[in-house]
Each structure stands twice: as C-alpha cells, then as structure tokens.
2 protein chains.
Amino acid sequence: MIPPVKHLPANERRAVTVETVIKLAAERNPSDITTAAIAERMGLTQGAVFRHFPNKDAILQAVIEWVAERLLFLVDKAARAAPSPLAALEAMFMAHVNFIIEHPGIPRILFGELQHAGETIPKRIAQTLTHRYRERLHRLIERGKTNKELDANLDREAAAFLFIGMIQGLVMQSLLANDVGRILHDAPRVFAIFRQGIRNTQ
Amino acid sequence: MIPPVKHLPANERRAVTVETVIKLAAERNPSDITTAAIAERMGLTQGAVFRHFPNKDAILQAVIEWVAERLLFLVDKAARAAPSPLAALEAMFMAHVNFIIEHPGIPRILFGELQHAGETIPKRIAQTLTHRYRERLHRLIERGKTNKELDANLDREAAAFLFIGMIQGLVMQSLLANDVGRILHDAPRVFAIFRQGIRNTQ
DNA sequence: ATAAAGATAGTAATTGATTACTATCTTTAT
DNA sequence: ATAAAGATAGTAATCAATTACTATCTTTAT
C-alpha cells in the first residue's frame, strides 16, 4: 500500500490516478468504481479528481491508453527475444498472459467498455490496439510459413483470431472461477493445442 | 415489435420480462438496463415489474437460469444429431454460435455478471452451466479418442477449455467490431484450426 | 533582495439527476 | 364478487459534477 502523497504535479497525479483505477478494478466491478473511491484510495477528496480530468470518461480513456501502450511494448519485447516465429508467438502469448496476471483489473475494465453499444472513444482505442496486435501476429505467422515451421495453408486471420480468443477465454474462465492463478496453469496447455493446429505437419 | 399485452398471468409476465431483458441487452450496456426501461418495453409502468419479482437481482437470476437451460438443450440436440464425436463437437460449436447470434444480448449479460468480484448467485448458475458444458465436451473427446478420430494423447481439459474460449473470443471480437454477423463468418475458420489441433494425425 | 501577483493542488459542501424499491389506489378477467 | 395485475405517486440513497474557498509554491517587478 502506497502512503497517500499529496500535492503531486498534475502529470504525476494523472499517472497515479490511472494506476489506482487499475488496482480498484482488480477488487470490484469496474462499473462501481466511483470517483469517490478513486479519490479515497489516493488520499484525496472526490472533487480533487476533477482538477485533473474533465470528467469520469476521461479517466477511463487515460487508463485504456496506458494499457494499449504498455501491452504492445511488453509483447514486442517478448517476441524480439524469441529465436523463431513459432517461439515468438508463444513468447507473446505468455507475455500477454503475465501482463494480465499482474494487472487482473485490466481485462475487466476493457470488457466493461466493450459492453457499451455503438462507438465510444475507449472502444476506438481498443480497436486500434487489436489491429496493431493482429498485424504483429500476421507478420509472425507469415514468417513461420516461409520458415516451414507453420502450415503453408494456414488461415492467417483465423489463427490470429484464435490466438486472441484464447487469451480472452482464459480471462473469462478465471473471472468465473474467481482465480487468476489458473490462467498460468492453463495457458501453456491451451497453447499446445494451438501449436498443433498451426504447425507444419509435413 | 410485439404489441404490449397487459394483464398477463404472473408466470407469463415473468417469461416476457426475461425475454425483454435479453432484447434490451442487445441494444445497450446491461448495467444500464433500468427497471423503468424493462417496464416501458413491456408497456407497463415501472412499479408493476415489482409485482412479479422481489428485486432486480431476481430478474437477472431468472434470465441466467433461462439461458443455461436453453443453451444446454440446443447444444445437446445438435450433438445428438451428429454422426461422429468430432462432428458432434462441430455441431455443438455451431449451435452455440447460432444461439448467441439469435440473442446477442446474452453474452453481454453474462460478462457483466462475471465482472462482480466474489461469489454471486448468477455466477454460481454460470459455473454450473460451464461445468455441465465441459462434462459434455469431455465425454465427446473421450469417445473421439476411442474412435481414433482424435489424438489419443490429447489434453482433454485444455481442449474443452479452448473450445469454450473460442466462443468467448468470437463474442468479444464481435462486440469490439460492433458486428454480430462476423461471428458466423469467423466461426468455421477458427474451428478448422481447432480441429487440426485435436485430430488424430497418424 | 523581496514583496506583490499569480499559478497550482486540494478541500468541503452542495446540487441535480438517476434509480431501485414501496405503499396505496384502481382496473380487469373470471 | 374478488383476487390478481397494474397505475400512481412517492422515498431514500447514490453519484458525477460544480463551486467557493485555502494553502503552498513560483515568478516577476522594483
């Protein structure tokens, strides 16, 4: 527990706010994270939050922007360190999974935002994120094909789709079971089936 | 649009209420489906809703019970009609996907409920549902192994897990893209990779 | 050098809107 | 006739947002 620090510069206060929201989301339904709760956790009064964000939506937007940036960074780092395209896919998968385990509130916030009908700003940011994410997957899959590691006839889009779906499935199951740790247990086993589904069987 | 019918017997009114909530969830964030909105859609006043349910949670609970019962029924029917275990898995998959396309509000309601921290009654019902669902998958997978259709060394639990995760992934992507129709387009392609991952390659 | 002026961060109290829920009266189907 | 279904008119609680005010730095003019 970080001792409440007051009179932070505005940009630091905004960063701490984002951090606080992510922590709160790990403990409760994101839709009942009130501005009062955010303030209390930071050791401020409710009104002070609105000195740094014009409204509540702007807070959520900042959270999602942070997540998008951070996740792509971690996933890229993991992929770069891997010796082959297939190994890079697995490294990306595990990096993503570990990111979620470290910040279990994040998928809850994202799922909550996706619930909103129609286009919203957070949804646009999430769309851009998945677009960039898919680009990386497509690139690795094509390299795996030329590498003969992956099946030459593999449906690139379906594979990228399944990759992301696996992670979302792992998260949903962990929410249902109230047990984040099980993600770490199930992830490699699920990836093993995926690997069998995409690899070159010649 | 069903013309509002008044003075329904209590059990029919409860059924209509469940139906109405599912329809509303297809149009908006489940967390802002108010009792007033439910009543308005049925052509009743808000107070009248509480003649049939003790509180709002009881409505949600009834919705989730209906979903659990209906989904298992449809999935069982599809599996029974299939000629082999692997075909039954695919039939289950497509039956589930079609159920969601017909009622796009359902996954949103379920996801919303899973967001709540700790144990809630709807969560318990959803846990029972996935437990029964997994039992059916395990049974089919074992039959596929003895049948030589599936890989004898296949990790049964991981496969069942991936099966459910694929559907959840399809739903998340369709929420993100604001396009339910794309589920129908992507489902068979994703299943093809899964099939390749579980089948007997001897 | 230093006092005045202004910027920055936060407080405390309030407001208006929303929403689940309730008590009591009225209508309708059998 | 009467019991079930619904209408009406509330209440109490919650919550995002606003606002007047304070304390503490930082800059600037003399």
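The chains referred to below are lettered A, B, ... by the order of the sequence lines, with proteins before strands, and numbering in each begins at 1.
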Engineer: Is a donor on one side and an acceptor on the other found under 3.5 Å between the side chain of T128(A) and the backbone of R124(A)?
Structural biologist: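 Here the side-chain-to-backbone pair exists.
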Engineer: Which nucleotide sits closest to the side chain of R51(A): dT19(D), dA16(D), dG6(D)?
Structural biologist: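 That would be dT19(D).
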Engineer: Regarding dA12(C), can its base be found pairing with the side chain of Q46(A) as donor and acceptor, where the two atoms are less than 3.5 Å apart?
Structural biologist: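 In this structure, the two groups form no donor-acceptor pair.
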Engineer: Does dA16(D) have OP1 or OP2 sitting under 4.0 Å from an N or O in the side chain of T35(A)?
Structural biologist: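 Yes, within the criterion.
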Engineer: Assess the residue pair L137(A) and F161(A) against the criterion (side-chain contact (heavy atoms from CB on, under 4.5 Å)); give the C-alpha distance rounded to whole Å, side-chain angles, the decisive distance to 0.1 Å, and a yes or no.
Structural biologist: CA-CA 9 Å; L137(A) 291 174; F161(A) 190 98; over 6 Å; no
Engineer: Tell me whether R195(B) at atom CZ has more than 12 heavy atoms from other residues, nucleotides or ligands lying less than 6.0 Å away.
Structural biologist: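 More than 12 heavy atoms, drawn from other residues, nucleotides or ligands, come within 6.0 Å of this atom.
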Engineer: Report the C-alpha distance between T201(B) and D151(B) in whole Å, list the side-chain angles of each, state the deciding distance to 0.1 Å, and finish with yes or no for side-chain contact (heavy atoms from CB on, under 4.5 Å).
Structural biologist: CA-CA 7 Å; T201(B) 48; D151(B) 177 8; 5.9 Å; no
Engineer: Surrounding CD of E69(A) (heavy atoms of other residues, nucleotides or ligands, distance under 6.0 Å), is the total greater than 12?
Structural biologist: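 Atom CD in E69(A) is not packed in, count stays at 12 or less.
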Engineer: When you measure from the side-chain N and O atoms of R13(B) to the phosphate of dG6(D), is any distance below 4.0 Å, counting only OP1 and OP2?
Structural biologist: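 Yes, R13(B) has a side-chain N/O under 4.0 Å of OP1/OP2 on dG6(D).
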Engineer: Checking all strands, does T34(B) fall into the base, sugar-phosphate, or nothing category for heavy-atom contacts under 4.0 angstrom?
Structural biologist: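 Since only primed, P, OP1 and OP2 atoms lie under 4.0 Å of T34(B), the category is sugar-phosphate.
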Engineer: Can you give the dot-bracket line for DNA chain D, using ( ) for pairs inside the strand, [ ] for pairs that cross earlier ones, | for pairs with another strand and . for unpaired bases, where Watson-Crick and G-U count if both distances are under 3.5 Å?
Structural biologist: ||||||||||||||||||||||||||||||
Engineer: Rounded off to whole Å, could you give me the CG-to-P distance for the N55(A) and dA17(D) pair?
Structural biologist: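 Result: 5 Å.
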Engineer: Please report, rounded to the nearest Å, how far the P atom of dA20(C) is from the CG atom of L60(B).
Structural biologist: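 Distance check: L60(B) CG to dA20(C) P gives 11 Å.
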Engineer: Give me the ring orientation class for F163(B) and F93(B): parallel if the planes are under 30° apart, tilted from 30 to 60°, perpendicular past 60°.
Structural biologist: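 The arrangement is perpendicular - the two ring planes meet at more than 60°.
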Engineer: Rounded off to whole Å, could you give me the CG-to-C1' distance for the D57(A) and dC15(D) pair?
Structural biologist: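 Checked: the CG to C1' distance equals 14 Å.
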Engineer: Nearest heavy atom decides the nucleotide; on that basis, is A10(A) or F50(B) closer to the 5' end of DNA chain C?
Structural biologist: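 The residue mapped nearer the 5' terminus is A10(A).
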Engineer: Any heavy-atom pair between the side chains of I100(A) and V171(A) that's under 4.5 Å?
Structural biologist: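 The answer is yes; the side chains approach within 4.5 Å.
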Engineer: Roughly how many Å is it from NE2 in H52(B) to P in dA7(D), rounded to a whole number?
Structural biologist: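 Answer to the nearest Å: 10 Å.
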Engineer: Atom CG of L8(A) to atom C1' of dT8(C): distance rounded to whole Å?
Structural biologist: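 So the CG-C1' distance, L8(A) to dT8(C), works out to 12 Å.
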Engineer: Rounding to an integer number of Å, can you tell me how far L44(A) CG sits from dA16(D) C1'?
Structural biologist: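 Nearest whole value for this atom pair: 17 Å.
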Engineer: By nearest atom, which of the nucleotides dA5(D), dC21(C), dG10(C) is closest to the H7(B) side chain?
Structural biologist: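 Per side-chain heavy atoms of H7(B), the pick is dA5(D).
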Engineer: Roughly, in whole Å, what's the span from CD in E12(B) to C1' in dA29(C)?
Structural biologist: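 Taking atom C1' of dA29(C) as the reference, CD of E12(B) is at 13 Å.
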Engineer: In whole Å, what is the span from the CG atom of N11(B) to the C1' atom of dA4(D)?
Structural biologist: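 Taking atom C1' of dA4(D) as the reference, CG of N11(B) is at 12 Å.
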